[in-house]
Number of protein chains: 2
Amino acid sequence: MINEIKAIARRHLAAEGANLSLRAVARDMGMVSSAIYRYFASRDELLTALIVDGYHALGDAVAAGDAEVTDRTDLRGRWLAACHAVRRWALAHPAEYALLFGSPVPGYAAPQETTVAAVRTPTVLIGILADGFASGALSDPGDLPGPVQGDLAAVRDGFFPEVPEALLSRGATGWMCCFGVVSFELFGQLDGLIQAREEYFDHQMRRMADLIGLPR
Amino acid sequence: MINEIKAIARRHLAAEGANLSLRAVARDMGMVSSAIYRYFASRDELLTALIVDGYHALGDAVAAGDAEVTDRTDLRGRWLAACHAVRRWALAHPAEYALLFGSPVPGYAAPQETTVAAVRTPTVLIGILADGFASGALSDPGDLPGPVQGDLAAVRDGFFPEVPEALLSRGATGWMCCFGVVSFELFGQLDGLIQAREEYFDHQMRRMADLIGLPR
DNA sequence: ACACATTCGAGAGCACTGCTCTTGACGACA
DNA sequence: TGTCGTCAAGAGCAGTGCTCTCGAATGTGT
């Protein structure tokens, strides 16, 4: 039942964009709006459920993209595959992507459960770097300013043991830039400027691979 | 009059977030909601006016940040100053930033006037690279795939004559990554992970300067 | 089989939204 | 004085999230 609600809500989200109407999904279910409140305490709670699902769907897609590269030592190929998976998922689910990474809803404060789901995609990306460091293909850039080092050490201890902070930082920068380029395209900032978007994205992610230090 | 409406709308935007209520700003002006429609045909038109203003305000702030660097040949210093100006403006005007760069409103299609205003900030950033190329401090990386080259040549001809496409591309990537990192911070994706945000931002923009090829 | 408890959904209603249309007040100009 | 344009008020429409109450259905225990 709550799965059916989520499915219809996702359909509405895809069709109409961010402003999801409880009454509309209730109408589509042949129910009255108040009946929804049996299953979700509020619209925010429904959105939270969709957000968590979205993070996992994106994480799955990115992990699958990485997994398709058979040569696991081809770090650059894995990086590019994962980045393209991010972009492909975003283009296929623009409304959900906007829900995850777009402007936060004013009154809405993301509960804890979303932040743990949010970490799935960067986990895949930085996992590629972790593999590279473990095999000796990547080295520690070792160029972090002091205060940042402390923050990243904590993140490392929580999620990525064995990865040096400076390398983790490179991966985080790469992830944020991937997010930036995808959002730019998806939110219409490239309209009328760039047509060859997949090629341009690929080019940019290759430059990010250079920045991270992934061997060619 | 329309300036007063915009000012109050901006205040509401800053206070309450993205969902701007026409009736609320009318209330604050001691008017009735329908009176607003004398000055703005719709809520979208008001938002468009605020968006255009926002792009210009951000562009002004970034240009001012760049202009504060007295040594005009210090390309890296200018790049960092401009990037920090972007971040500072975003943190000072989060709701307006979200309006400009966040998820687009479903029914809303950005009219032409917004896209010409949107180009102001990248103009400043890439202007730094143009200066560097003119003085010989920057060279043409010359590493663009074919389809992208065509798109960027058109952009170059429209906005940045004399700048080679590959260098323009580097600047665009830098701008998108700057946007990505700022949005990540502003949209809450860094919450609970990074405390030393200004330092981390500075570090990341330095790495982007490396990628662009700005001399140290 | 009967009585009880729980679950479910319908319906009315509140306060709010963007937006349209009509009506009436006010001031400038001829 | 009369006319015309500008302005804002008010009512109203269709929609929103959300709360509350009230029946009907569905078990469940004795």
Side-chain angles (χ1 to χ4, degrees), chain A residues 1-54 95-96 98-99 102-111 113-114, chain B residues 1-54 95-96 98-99 102-111 113-114:
Chain A
M1 191 87 227
I2 74 172
N3 279 335
E4 193 181 340
I5 296 181
K6 287 203 284 186
I8 295 192
R10 238 186 305 270
R11 226 175 47 212
H12 268 88
L13 217 54
E16 316 243 335
N19 41 9
L20 179 70
S21 157
L22 271 187
R23 294 179 115 110
V25 333
R27 227 174 293 138
D28 267 27
M29 297 192 56
M31 285 171 39
V32 92
S33 73
S34 57
I36 300 276
Y37 287 83
R38 292 247 161 233
Y39 306 95
F40 293 94
S42 70
R43 182 171 164 276
D44 279 4
E45 199 173 277
L46 210 191
L47 285 180
T48 297
L50 294 176
I51 287 174
V52 171
D53 285 5
E96 279 181 84
L99 199 60
S103 7
V105 182
Y108 180 80
E113 45 179 334
T114 69
Chain B
M1 191 87 226
I2 74 172
N3 279 334
E4 191 181 341
I5 296 180
K6 287 202 285 187
I8 294 190
R10 239 185 304 270
R11 225 174 48 211
H12 267 89
L13 216 54
E16 315 247 333
N19 41 8
L20 179 69
S21 157
L22 270 187
R23 291 180 117 110
V25 333
R27 228 175 292 136
D28 266 27
M29 296 191 56
M31 283 171 40
V32 91
S33 74
S34 56
I36 301 274
Y37 287 83
R38 290 245 160 234
Y39 306 97
F40 294 94
S42 71
R43 182 170 164 277
D44 279 4
E45 198 172 277
L46 210 190
L47 285 180
T48 298
L50 294 177
I51 287 174
V52 171
D53 285 6
E96 280 181 85
L99 200 60
S103 8
V105 182
Y108 179 80
E113 46 178 333
T114 69

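Lettering follows sequence order; numbering is per chain, from 1.
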message: Which residues pass the salt bridge (charged side-chain N to carboxylate O under 4.0 Å, His left out) test with B:D53, not counting sequence neighbours?
response: B:K6, B:R10

message: Among residues at least two apart in sequence or on other chains, which ones pass salt bridge (charged side-chain N to carboxylate O under 4.0 Å, His left out) with B:R38?
response: none

task: Write down the atom of B:A26, the atom of B:I36, and the distance for their closest heavy-atom approach.
output: CB-CG1, 3.8 Å

message: Holding to salt bridge (charged side-chain N to carboxylate O under 4.0 Å, His left out), I want the full list of residues that pass it with A:R27, two or more places apart in sequence or in another chain.
response: none

Output one line per pair: protein atom, nucleotide atom from nucleotides 3-7 of chain D, and distance, for all N/O pairs under 3.5 Å.
none

- prompt: Just by protein heavy atoms under 4.0 Å, how would nucleotides 14-19 of chain D read 5' to 3' in B, S and -?
  reply: --BBBB

- line: Of all heavy-atom pairs linking A:L46 and A:A9, the shortest is CD2-CB, 4.1 Å

- request: Taking all heavy atoms of B:R11 and all of B:D28, pick out the closest pair and write down the distance.
  value: NH2-OD2, 3.2 Å

- request: Could you tell me which non-hydrogen atom of A:G54 sits nearest to which non-hydrogen atom of A:E96, and how far apart they are?
  value: CA-OE1, 4.0 Å

- line: With a 4.0 Å cut-off (strictly under) to non-hydrogen atoms of chain A, the first and last hit nts on DNA chain C, 5' to 3', are C:dC8 to C:dG13

- request: Could you tell me whether the side chain of B:Y37 reaches within less than 4.5 Å of the side chain of B:L22, counting heavy atoms only?
  value: yes

query: Where is the tightest heavy-atom contact between A:S103 and B:G102, given as atom of each residue plus distance?
result: OG-CA, 3.3 Å

field: Min side-chain heavy-atom separation B:L20-B:L50 under 4.5 Å
entry: yes

